[in-house]
Structures are given as structure tokens and as C-alpha cells.
Amino acid sequence: MTIAMAIESIIAGAVSAALEKLYATSVAPDSIVPQQTRKEFEGNLTIVVFPYLKASHKSPEATATEIGEWLVANEPAVSKFNVVKGFLNLTVNPAFWLDILHSIASCPDYGFRKADEDSDLVMVEYSSPNTNKPLHLGHVRNNLLGYSLSCILAANGHKVVKTNIVNDRGIHICKSMLAWQKWGDGATPESSGKKGDHLIGDFYVAFDKHYREEVKQLVEQGMGEEEAKAQAPLMLEAREMLRKWEAGDPEVRELWKTMNGWVYEGFDETYKRLGVDFDKIYYESDTYLEGKDLVLGGIEKGIMYRKEDGSVWADLTGDGLDHKLLLRADGTSVYMTQDIGTAKLRYQDFPIDKMVYVVGNEQNYHFQVLSLLLDKLGFKWGKDLTHFSYGMVELPEGKMKSREGTVVDADDLLDKMVEDAREMSADRFADMPAEEAAEVARMVGLGALKYFLLKVDPKKNMLFNPKESIDFNGNTGPFLQYTYARIQSVVRKAGGVDMASTPDAIPNEKESTLIQKVADFPGVVEEAGRTYSPALIANYCYDLAKEYNQFYHDYSILKEENDNVKGLRLLLSAVVARTLKAGVGLLGMEMPERM
């Protein structure tokens, strides 16, 4: 039981006893749920008394008053109460909050549960890039959500495997390869001075440019647009290259390995800058054959069927969906085929209890189908997979189109965030050595990005405004980082804080409120894990930082003359700083020790 839960449990037990004594009615404590008192009312916890009016035979106000009076007289944790209609607002004894603070301070991993042998194993898939272009803003949100969710699940006591499926084969890969052959002039990352993923992305854009010109010419010659798209010479060459790849053509395979190798080096650099990693990486080139075998086996079982042109489909109309293509007429695979094979391999490799796919909401239908097909193919875990569906992210300038070269490149975005942080914080970093200032600017720039993308409900589409994200005031990452650095400055000036110290000053109302806020942390972590929402952690951290800054503004710490009060405020400050650092750590953020 967490400390915050212990408070609620004590109050629930006391209310249960009050109901028994006052109205001779038995109500189980676990059915009584104290709620946090709304900010506009005095108190810490609120009991709704309407369910007990049948037993009391009195008005809501009278019932609440009687229960409140009994609690003040008989439960040491309750110091006073007030009644607002049928709501009983209870103020917890300040001395009780002091005990809570000491308990929290003595627990280094406060708010987190550790996994044990019996813990569930959750696999989280995120990133899932194609090897024909660099990572972009959409990938950034995906990676940050996936990594944060993995941290949150681990903090809830699950074993977690972070995984990535790299889409390293298919027609889109062949487009970049073909463009390099035609217009690359033997360019390499070294000869061009470009990261490998950027170099390959340039050729993907080049393919699309020439392809559009071919389609336009064919349409002008009288061909229909759809036929022109299918019959354009470049597209026919790309499809032929894909067939050669699947047939194992040595020349095509060698070029594929070389160009993908360039891309992986580029990806690794971006992942490192983002601060995300993976425990296991799967490659579509290794998994699609498993998927093809399962699909072909599904024909024999009557789950799939083959059309006259040789393509293979699944009829899902009986499940309220439609017909789904699984193998093209030329025998090449689609994404669904790969995902079926990857799922099988993953469950062979790990004793997975829960599989979570972090993929944008434009793929909602895809995962409905995947779940159904895996179940029909006999995999009992098919129905239990979870699609962590999230909304799209855009910049104020509008949508991104990677084929047209207008994508918001992840590396460029990271560079800009760090540069903006350096420019906006020049005065703050003036007394720092250049190396330290550069490191703090990196933390602030990336912290601003991560926090801004993660504070929004993941289900919602969002607009990312880089300049707004680096504001040191308001609901931003830099505000949290500055609050942490401010506390660390206070602690340094005080000569440090002994977390095992036990100052016995009684917390005032503001201090009690702040302690209660810290005590809420485990419950927030648990709720974020249950609902898959890093936004809950982000906004909790903002509320905690805001609460602390109000306290810091209203009360002296270092100049406080009473040593016990000073000790209490220093200990409380250190606990808040540790909680903030732990919270934003679940978002992948770093905290600078000074700013």
C-alpha cells in the first residue's frame, strides 16, 4: 500500500466505524472512497455522504456534520471538518502530514514498484521506421510516447521489453535504391557529408519527383491517371526490383544491405540524441517470410482465400469488416503479412503477457484486422493485443509530406530546439563554463520538446509550437527544470539536506498541501500505467512545480530563524525536487542541477 493510499485507507476505516456507531449500519471500508477536496474549499479529503442518508434518516448537511464531529473526536488523523451540502470536507492533522513527509523522504524509490519473478512481461513496440527516409516529427512523438510508456509500465512493477520493427523492405525501399542507381553517382555518407538516413531520404524524394513527371507525361498522352501511376516506367522498375529482392538477387541484395547500413547508422545517432533505446530490434526482412507461411497455411485452413489473379485475401465481413489483402498477385507481401510473422516470432522469443503497439490512429483499422487474423490463425493472444493509438502532430506551418521533401526532419528539429534554448537562456548561462552551458542548453531544448509533446492526451491531434515550448513560465519543460534547479540551489546554499533528518515542526497549511501533493505521486504513476497516459505524469509534475513555487514565494527557507521550521522546509524542498526528477524521468527528461 502506498503512503497516499494509507491516508485514504485510514479515513475510509474511520468513516466506516462512524457509520456503525452513529447509525448501526455496516459499510465496508473499501467501498468508501475519499476524494481530494476541490481547491475552492477548505480541507484535504472529501467524503460524499449521500449513500448514507437512508441509514441516517437525516438531511445531507446533518449527516455530514454528525460524521465529521465523530471523526474529529475519535480519529487522530482528522483535525477539523466543514460541510458543503452533502460533501464532508476533512482537514488532515498537520502532525500526520509530518509523519507522511518523513516516510516519503526515507523511501528513495518513492512512487515506483519493482518487478519480481511473478511480474507480467509487457512488450512495447515503438518507432517502426522505414529505411527510405530519416526520422521526422511524427517519429519523434512516437518514440517519446513509446519510451515514456515503457518507463511508466516498469515503474508499475512490470517487466518491460522495448522493441522496434524496422520496415527495411518493400516497394518504398526499392524506390530509394533505384533512384540512387540512376542519379546517385556513387554517393556515400562520407563522400556527400550527409548522415546516411538523410542521403537515402534525398533519393526517395528524387524518385517521387521523376515519377510525378512520368505520370504527368502519360496522362497528357491520353492515359487515365490511375493507369499512368501503375504503368509509369519508374514504378515498373521499382516493382521489378522488389521481385528481384524477394527472389534473392545477389546484386539487389548487396545494394540493399549497403544502403540500409547507412540508414541504421543515421537512425542510431538520432535515437541517442532523443534518449530512447530498444531491447530487441526486429526487421521486416526477417519476419515477412514467417507471415507468408502463416497466410498460405491459412488458405489450407479455410481462413484465407486466393483470387484468380493469385492474390491472397481474408474475408472479414462476418466480423463486421471487409476483405483484406495479404499477398499481392505477384506474391509480394503487405504490412499485415509482416506484422503476423513478427507477432509469431516475438511470442516465440519472449513469454509475453501483454503486447502494446505504439502506432498512430490512422492505423486503427489495421490493428483491428491484425487482432482478428491472429486469433483466427490460432494464436490465443491475438485478441489481447493493445494498439496504443495516438493523434498526429503538426507544426504551425501545416502538415508534412515526406515524398515531397517537406517533412519536418527530426535532426533539424533537435538542432533548432537546442539552439533556441541556448539563445533564450543566454543570460541564465552567462556565469557557466561554455561546456556546461552547452550541456544545459541541450537538456533544456530536448526537455522542452519532450514535455510539450507528452503533456497532451496522446489520443488527441496536437500542434507543436517550438517557441512556446521553451518558455520558462507556464506549463512547459523548462519551467519544471528551472524549479528543480532552484531547489538544488537552495539545498547547496544550505550545505545539503539529510533525507533521514526528522525535523518536528508542525507543517502549516501550505506545507501540508505540498506534502499531500507529493503523497499523490504513486497514485498518479499507477493511473498513468493503467490508462497508458504519460500526460498524467507531465501535468502532475507541472502542478507540483507550481505548488512549490507558490510556497517558495510565500515562505522563507534559508532565512527562517526557527531551525526546526527551516529543517522541515529544506526536507520538503528536497523531497519535491526528487519527486519532480523521478516524474520527468518517466518522460525521458533530464534535470540540470543549475540554470
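Basis for what follows: all heavy atoms, side chains included, without hydrogens, waters or symmetry-related copies.
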- prompt: Is Asp409 reaching over with its side chain to a backbone N or O of Asp412, donor-acceptor style, under 3.5 angstrom?
  reply: yes
query: Between Thr386 and Lys354, do the side chains contain an N or O donor and an N or O acceptor separated by less than 3.5 Å?
result: yes
message: Quiz question: by atom type and distance under 3.5 Å, do the side chains of Trp256 and Thr258 form a donor-acceptor pair?
response: no
- prompt: Hey, what's the ring geometry for Trp381 with Tyr347, parallel, tilted or perpendicular (30° and 60° as the breaks)?
  reply: parallel
message: List the residues meeting side-chain hydrogen bond (donor to acceptor under 3.5 Å, both in side chains) with Gln36, not counting sequence neighbours, and say none if there are none.
response: Asp520
message: I need the Asn44 CG to Thr513 OG1 distance, nearest 0.5 Å.
response: 6.0 Å
query: In terms of ring plane angle, is the pair Tyr390 and Phe388 parallel, tilted or perpendicular, where the classes change at 30° and 60°?
result: perpendicular
message: Under a 4.0 Å threshold between the charged nitrogen and the carboxylate oxygen, would Arg113 count as salt-bridged to Glu526?
response: yes
task: Could you tell me whether Lys162 and Glu125 make a salt bridge, using a distance below 4.0 angstrom between a side-chain N and a carboxylate O?
output: no
message: Less than 3.5 Å apart, any donor N or O on the side chain of Tyr288 or Asp293 sitting next to an acceptor on the other?
response: no
- prompt: Under the side-chain hydrogen bond (donor to acceptor under 3.5 Å, both in side chains) test, which residues partner Asp457, sequence neighbours left out?
  reply: none
Distance-only polar pair, side chains of Asn167 and Tyr335, donor-acceptor under 3.5 Å: no
field: Verdict with reasoning, Ile200 to Thr131, per side chain to side chain contact (heavy atoms under 4.5 Å, CB included)
entry: CA-CA 8 Å; Ile200 302 309; Thr131 57; over 6 Å; no
- prompt: Do we see a donor-acceptor contact under 3.5 Å between the side chains of Thr342 and Asp339?
  reply: no
query: Side chains of Thr37 and Thr46: is there a donor and an acceptor less than 3.5 Å apart?
result: yes
query: Can the ring centroids of Phe278 and Tyr126 be said to lie less than 6.0 angstrom from one another?
result: yes
